[in-house]
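Below is one structure, written out as structure tokens, with a few remarks after it.
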Amino acid sequence: MFGTTLRKVGLNVTRQFARYESTSSDFYVRPRIEKSINKVTLLGRVGQDPMQRGSDPERQVVQFTLATSEMFRDRRDGHEDEYREKTLWHRISVFTPYLRNLVTMAVTKGSRVYVTGKLDYGEYMDKQGNRVFSTSIIADDIIFLSTRREPRSQREKSFDDDDSDDDTEQRTM
């Protein structure tokens, strides 16, 4: 009795994720669970400063573009092999609140980042009333490999303000 109850509960839980298969000889319909993966991993440079969109704090999104490139051999008509670079641009969207704040503080144009997330397709109507299809990556995690730097004048000023005279005297002695 307990086993049949468990089987019914398990069937109800997996119902939305299962595809049912049956044969003419089977009275019981067996669920076959299909697994799928939607995972994207990108390593590249940020193409523009992140932009925050949305006025409601709970529904805000931060978006930026990421460039990835690959080198390939171009063999044309028996000529010498030429190496070429192909650059692809990706739209990254960040919905997670803590990650949105980190991105706006640490990422600028040219920063090198490692992004993991999932692929998302959408559509919207443009100003002319045309249907536009878009592809973006919904970021789950971002690793900042290079961060926002201070302007050179501020770095030099902070270096000059240090009490580093004592250190240089000890080094020269």
Side-chain angles (χ1 to χ4, degrees), residues 5-22 29-75 82-155 158:
T5 306
L6 254 174
R7 185 177 297 165
K8 288 179 184 177
V9 170
L11 184 61
N12 287 335
V13 170
T14 59
R15 186 170 302 234
Q16 64 182 350
F17 302 110
R19 179 204 269 173
Y20 296 99
E21 60 183 26
S22 66
V29 177
R30 295 177 302 189
R32 186 181 77 194
I33 298 176
E34 292 184 343
K35 295 182 180 181
S36 61
I37 297 174
N38 180 2
K39 183 132 179 118
V40 177
T41 303
L42 298 171
L43 173 65
R45 295 214 177 259
V46 176
Q48 64 182 12
D49 289 340
M51 295 184 301
Q52 194 162 4
R53 299 182 185 269
S55 57
D56 183 17
E58 293 184 16
R59 305 191 93 203
Q60 287 181 343
V61 62
V62 171
Q63 292 181 329
F64 62 93
T65 56
L66 187 73
T68 59
S69 58
E70 61 180 318
M71 298 293 286
F72 65 94
R73 266 182 154 162
D74 190 11
R75 298 179 183 172
E82 284 187 47
Y83 285 96
R84 296 189 184 236
E85 183 177 16
K86 180 180 180 181
T87 302
L88 297 174
W89 290 93
H90 312 276
R91 182 180 322 175
I92 311 295
S93 299
V94 184
F95 290 97
T96 311
Y98 76 92
L99 199 53
R100 280 192 318 236
N101 296 337
L102 287 174
V103 166
T104 54
M105 290 188 309
V107 174
T108 58
K109 180 179 179 178
S111 298
R112 192 163 166 83
V113 295
Y114 180 88
V115 177
T116 58
K118 60 185 176 183
L119 197 56
D120 186 44
Y121 298 100
E123 63 180 78
Y124 61 92
M125 300 297 267
D126 65 3
K127 293 178 183 178
Q128 290 79 26
N130 299 324
R131 212 163 89 179
V132 179
F133 296 97
S134 67
T135 304
S136 64
I137 286 63
I138 308 298
D140 294 329
D141 192 22
I142 299 176
I143 298 173
F144 307 106
L145 301 175
S146 66
T147 58
R148 180 178 290 180
R149 295 184 177 166
E150 295 177 334
R152 184 180 174 131
S153 60
Q154 287 183 0
R155 280 186 283 163
S158 65

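Heads up: numbering here begins at 1 and tracks the sequence. The model shown is predicted, which means the values in this text are computed figures rather than measured ones.
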**Request:** State which residue, out of L102, V113, T96, fulfils the side-chain contact (heavy atoms from CB on, under 4.5 Å) condition with I142.
**Result:** V113

**Message:** Looking at every non-hydrogen atom in both residues, tell me the closest pair between V62 and V103 and how far apart they are.
**Reply:** CG1-CG1, 3.8 Å

**Prompt:** Are any of the side-chain heavy atoms of F64 and M51 separated by less than 4.5 Å?
**Reply:** no

**Prompt:** Any side-chain heavy atom of L99 within less than 4.5 Å of one from N101?
**Reply:** no

**Request:** Taking all heavy atoms of K118 and all of N38, pick out the closest pair and write down the distance.
**Result:** CB-O, 3.4 Å

**Message:** If you define the side chain from C-beta out and look only at heavy atoms, does anything of F144 sit under 4.5 Å from S146?
**Reply:** no

**Request:** For residues L43 and T68, report the shortest heavy-atom separation together with the two atoms involved.
**Result:** O-CG2, 3.5 Å

**Fill in**
Minimal heavy-atom distance between A139 and V115, with the atoms involved, is CB-CG1, 4.0 Å

Going by atom type alone, with no hydrogens or angles, which donor-acceptor pairs under 3.5 Å involve a side-chain atom of residues 126-138 and a protein atom two or more places apart or on another chain?
residue, atom, partner, partner atom, Å
D126, OD1, Q128, N, 3.2
D126, OD1, G129, N, 3.0
D126, OD1, N130, N, 2.7
R131, NE, E123, OE2, 3.3

**Item:** Test log, rule side-chain contact (heavy atoms from CB on, under 4.5 Å), inputs R53 and Q63
**Value:** CA-CA 8 Å; R53 299 182 185 269; Q63 292 181 329; 2.9 Å; yes

**Complete:** Smallest heavy-atom separation, A106 atom then S111 atom, equals O-OG, 4.2 Å

**Prompt:** Is a side-chain donor or acceptor of R100 paired with a backbone partner of F95 at a separation under 3.5 angstrom?
**Reply:** yes

**Asked** Do D140 side-chain atoms and T116 backbone N/O form a donor-acceptor pair below 3.5 Å?
**Response** no

**Message:** Does any part of the side chain of I92, heavy atoms only, come nearer than 4.5 Å to the side chain of T65, both counted from C-beta?
**Reply:** no

**Message:** So for atom OH, which belongs to Y121, do other residues, nucleotides or ligands contribute more than 12 heavy atoms lying within a distance under 6.0 Å?
**Reply:** no

**Item:** Set of side-chain contact (heavy atoms from CB on, under 4.5 Å) partners for T87, sequence neighbours left out
**Value:** A67, S69, E85, W89

**Asked** Between V46 and Q48, is any pair of side-chain heavy atoms under 4.5 Å apart?
**Response** no

**Asked** Which heavy atom in T104 sits nearest to a heavy atom in Q52, and how many Å separate them?
**Response** CG2-OE1, 4.2 Å

